[in-house]
Amino acid sequence: MAEQRPIVTEKQSDVAIVRITRPEVLNALNLATRKALAATFTELQDDPEVRCIVLTGDEKAFAAGADLKEMVDADAVEIAKRRTERYWQAIARTPQPVIAAVQGYALGGGLELAMICDIIVAGENAQLGQPEVRVGIMPGAGGTQRLTRAVGKFHAMRLCLTGRPISGREAYEIGLVSLVVPDDEVMATALKLASDIARLPPLAVTSIKEAILQGENASLDAGLALERKAFQLLFASEDRREGMNAFIEKRKPQFKGK
Ligand code: HXC
């Protein structure tokens, strides 16, 4: 029997929902799934109607990591030749904000995938971790880098060196997720955030995302310069004139994305 599509995309007005659909293996990320994710995000980048994206799995798992059955017999050359980083780059380069809605397991490559997103909403009982060390490898797509930038050296060391997962609640306490909510409210919370963001002027939204992400990799001075230039450039947009005038005239703004 042919395997069902590894991801499903649905649009709810100006929000796209991308769902990983391999429940039989807790949404383990095989190559087909990663390729489908990359293709979907590449397509969504060019869809002017999509203002925000929610990436999710199901109630048992966001994703339980790279598919170990696809890795068990691979040698180092084969792993390098797969160049799987290109699939993640397609997601990382998406200009619209991406919200990860995490219930259940977000482990290994699954947590790395969530960390590529811009906002993470987690259920209280989600399980987030970098268990790679337990199968003789290490994080390979951001688990030692994005995680350390997010939570600092000491929490990152604990997570990566023990492989032990933490709950959504603890992830929130250490700054690994943006919000923690009861498990059955994860999707509704993520969708509400997404529709709030989707209503805001898109040029400002994408400029903010770009400044935060680029600034993370730059010196403070370079980041501040980049921020200042992006701020100045927004004064060329119709939406900022509309936003300010609407405030002064005490009416609701009508943003056009121009
Ligand atoms: C392939 C997986 C999988 C995975 C679960 N499954 N995780 N298959 N790769 N990463 C499959 C199981 O084999 C099983 O299928 C089914 O999903 C249900 O899993 P169970 O183990 O029976 O469920 P449970 O006992 O509830 O345990 C859940 C779990 C455990 C704790 C999440 O499945 C687990 O430890 N999974 C591996 C997690 C992991 O190590 N992830 C990191 C991978 S390395 P069958 O057919 O057997 O019933 C990685 C590197 C990224 O991510 C590098 C990026 C470049």
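Read the numbers this way: they start at 1 and go in the same order the structure lists the ligands and their atoms. Atom set for the values below is all heavy atoms of this structure, side chains included, hydrogens, waters and symmetry mates excluded. Owing to the predicted nature of the structure, the values given are computational and were not obtained by experimental measurement.
Each of the atoms 16 (C), 17 (O) of ligand 1 lies under 4.0 Å from some heavy atom of Glu24. Atom numbering of ligand 1 starts at 1 in the shown order; those under 4.0 Å from a heavy atom of Pro131 are 39 (C), 40 (O), 41 (N), 42 (C). Close approach to Gly109 involves these atoms of ligand 1, each under 4.0 Å from a residue heavy atom: 49 (C), 51 (C), 52 (O). Atoms of ligand 1 lying under 4.0 Å from any heavy atom of Gly108, numbered from 1 in the order shown and given with element: 52 (O). Under a 4.0 Å criterion applied to the non-hydrogen atoms of Glu112, ligand 1 contributes the atoms 51 (C), 53 (C), 54 (C).
Using a cutoff of 4.0 Å between basic side-chain nitrogens and carboxylate oxygens, Arg199 and Asp14 are not scored as salt-bridged. A salt bridge is absent between Asp58 and Arg19: the closest approach of a Lys/Arg side-chain nitrogen to an acidic carboxylate oxygen does not fall below 4.0 angstrom. Under a 4.0 Å N-O distance rule, the pair Glu24/Lys60 does not qualify as a salt bridge.
Using a 4.0 Å heavy-atom cutoff, Val135 is absent from the residues neighbouring ligand 1.
Looking at atom 33 (O) of ligand 1, its nearest protein heavy atom turns out to be Leu26 CD1, 3.8 Å. Ranking protein heavy atoms by distance to atom 46 (O) of ligand 1, first place goes to Lys69 NZ, 3.6 Å. For atom 27 (O) of ligand 1, the closest non-hydrogen atom of the protein is Tyr105 OH, 4.2 Å. At the top of the distance list for atom 11 (C) of ligand 1, counting protein heavy atoms only, stands Val25 CA, 3.7 Å. Considering only non-hydrogen protein atoms, atom 1 (C) of ligand 1 sits nearest to Asp67 OD1, 3.3 Å. If you check which protein heavy atom lies closest to atom 3 (C) of ligand 1, you get Ala28 CB, 4.0 Å. For atom 34 (C) of ligand 1, the nearest protein heavy atom (residue, atom name, distance) is Leu107 CD1, 4.9 Å. Scanning the protein for heavy atoms near atom 9 (N) of ligand 1, the closest one is Leu68 N, 2.9 Å.
To the nearest 0.5 Å, atom OG1 of residue Thr206 and atom NZ of residue Lys209 are 9.5 Å apart. Atom-to-atom distance recorded for Glu59:CD and Gln103:CD is 6.5 Å, nearest 0.5 angstrom. In this structure, CE on Met244 lies 13.5 Å from CD on Glu249, to the nearest 0.5 angstrom. Annotation: the span from Trp88 atom CH2 to Phe41 atom CZ amounts to 10.0 Å, rounded to 0.5 Å. In this structure, the separation between CD1 on Ile99 and CD1 on Ile53 is 10.0 Å, given to the nearest 0.5 Å. In this structure, Lys256 NZ and Glu238 CD are separated by 5.5 Å, a value rounded to the nearest 0.5 Å.
Distance remark: protein heavy atom not present below 4.0 angstrom from atom 25 (O) of ligand 1. Atom 17 (O) of ligand 1 is approached by the protein to below 4.0 angstrom, counting heavy atoms only. Proximity of atom 48 (O) of ligand 1 to the protein is not indicated, since no non-hydrogen protein atom lies closer than 4.0 angstrom. Within 4.0 Å of atom 36 (N) of ligand 1, not a single protein heavy atom is present. For atom 22 (O) of ligand 1, the nearest protein heavy atom lies 4.0 Å or farther away. Checking atom 5 (C) of ligand 1 against the protein gives a heavy-atom contact under 4.0 Å. Protein non-hydrogen atoms do reach within 4.0 Å of atom 40 (O) of ligand 1. Distance check for atom 30 (C) of ligand 1: every protein heavy atom is found at 4.0 Å or beyond.
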Discussion item. Test side-chain contact (heavy atoms from CB on, under 4.5 Å) on Arg51 and Val205; report intermediate values, then the result.
Written reply: CA-CA 9 Å; Arg51 298 279 171 81; Val205 165; over 6 Å; no
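Of the N and O atoms on the side chains of Glu43 and Gln45, not one donor lies less than 3.5 Å from an acceptor on the other residue.
Dense packing is recorded around CD of Glu85, with more than 12 heavy atoms of other residues, nucleotides or ligands lying under 6.0 Å away. In the displayed structure, Asp73 atom CG is contacted under 6.0 Å by at most 12 heavy atoms of other residues, nucleotides or ligands. Within 6.0 Å of CZ on Arg164 lie no more than 12 heavy atoms contributed by other residues, nucleotides or ligands. The number of heavy atoms from other shown groups lying within 6.0 Å of CD (Glu173) is above 12.
Under 4.0 Å from ligand 1, heavy atoms of Ala66 appear from its side chain as well as its backbone.
Ligand 1 has a nitrogen or oxygen under 3.5 angstrom from a nitrogen or oxygen of Ala64. Between Arg34 and ligand 1, no N or O atom pair is found at a separation short of 3.5 Å.
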